[in-house]
Amino acid sequence: NVELLPNGKLVVVYLNPLKDKLVIVTNISVNNAMIKITDEKVKTIFTQQSASMQVGDMNTINVTHLANRIYYLHFYSNNNIAETVRFIKY
């Protein structure tokens with residue numbers, strides 16, 4: 001588990017910039033989460049569904065196949081939560 005700082009963010013992405021894995025941590029438990037990665041042109045590159053994500057759990061996505069550039073992680077859940085986080089793949 002990762003201790004989150006009270007910065008008002010629902011979703012935290014580690015490490016940013018990143019090389020081979022994207023680690024997503026939430027600061028509240030969420031149900032039926034949908035994770036979508038898009039490029040700068042809003043083209044969907046990756047989607048993943050998760051039935052449940054618990055506070056502080058590290059959820060890892062392999063991004064070695066992504067080209068080196070800027071991407072956006074879009075996070076949605078049935079808890080009516082949505083957030084977008086920009087990250088850099090190098």
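Checking side-chain atoms of N16 against main-chain N and O of R86 turns up a donor-acceptor pair under 3.5 Å.
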Report the C-alpha distance between K89 and N68 in whole Å, list the side-chain angles of each, state the deciding distance to 0.1 Å, and finish with yes or no for side-chain hydrogen bond (donor to acceptor under 3.5 Å, both in side chains). CA-CA 5 Å; K89 163 72 167 61; N68 296 347; 3.2 Å; yes
Requested in this report: Begin with the C-alpha distance, continue with both residues' side-chain angles, and end with the deciding distance and a verdict on side chain to side chain contact (heavy atoms under 4.5 Å, CB included) for K21 and I61.
Outcome: CA-CA 6 Å; K21 66 181 177 178; I61 298 172; over 6 Å; no
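Neither L15 nor M58 shares a network with the other; the hydrophobic side chains, linked directly or stepwise wherever heavy atoms of I, L, V, M, F, W or Y lie under 4.5 Å apart, form separate groups for each.
Taking Ile, Leu, Val, Met, Phe, Trp and Tyr as hydrophobic and joining them when side-chain heavy atoms fall under 4.5 Å apart, one finds I88 in a cluster with I70, Y72.
Inter-residue side-chain proximity for L18 and V63 is flagged as met; some heavy-atom pair is nearer than 4.5 Å. T26 has its side chain out of reach of V55: every pair of non-hydrogen atoms, C-beta onward, lies at least 4.5 Å apart. Side-chain contact between V12 and I24 is absent, with no heavy-atom pair separated by less than 4.5 Å. Counting heavy atoms from C-beta outward, L22 and V13 have side chains that approach closer than 4.5 Å. Residues Y76 and E83 form no side-chain contact, since every pair of their non-hydrogen atoms from C-beta on lies 4.5 Å or further apart. Counting heavy atoms from C-beta outward, H74 and T38 have side chains that approach closer than 4.5 Å. No side-chain heavy atom of K36 sits less than 4.5 Å from a side-chain heavy atom of L73.
Rounding to the nearest 0.5 Å places OG of S77 at 8.0 Å from CG of N32. With rounding to the nearest 0.5 Å, the separation of CE in M34 from OG in S50 is 12.5 Å. For the atom pair I37 CD1 and L66 CG, the distance stands at 6.0 Å (nearest 0.5 Å).
Residues V25 and G56 share a closest heavy-atom pair of CG1-CA, 3.6 Å. For the pair D20 and N62, the tightest heavy-atom approach, listed with the atom from each and the gap, is O-OD1, 3.4 Å. Summarising the geometry of D57 relative to N59, their closest heavy-atom pair is O-ND2, 3.2 Å, with the distance given to 0.1 Å. Taking both residues in full, the closest heavy atoms of D39 and Y71 are given as CA-CD2, 4.0 Å, listed atom of the first, atom of the second, then distance.
Using a 30° and 60° split on the angle between ring planes, F46 and H65 fall in the tilted class, from 30° to 60°.
Side-chain contact check for S52 and Q54: at least one donor-acceptor pair (N or O, by modelled atom type) lies under 3.5 Å.
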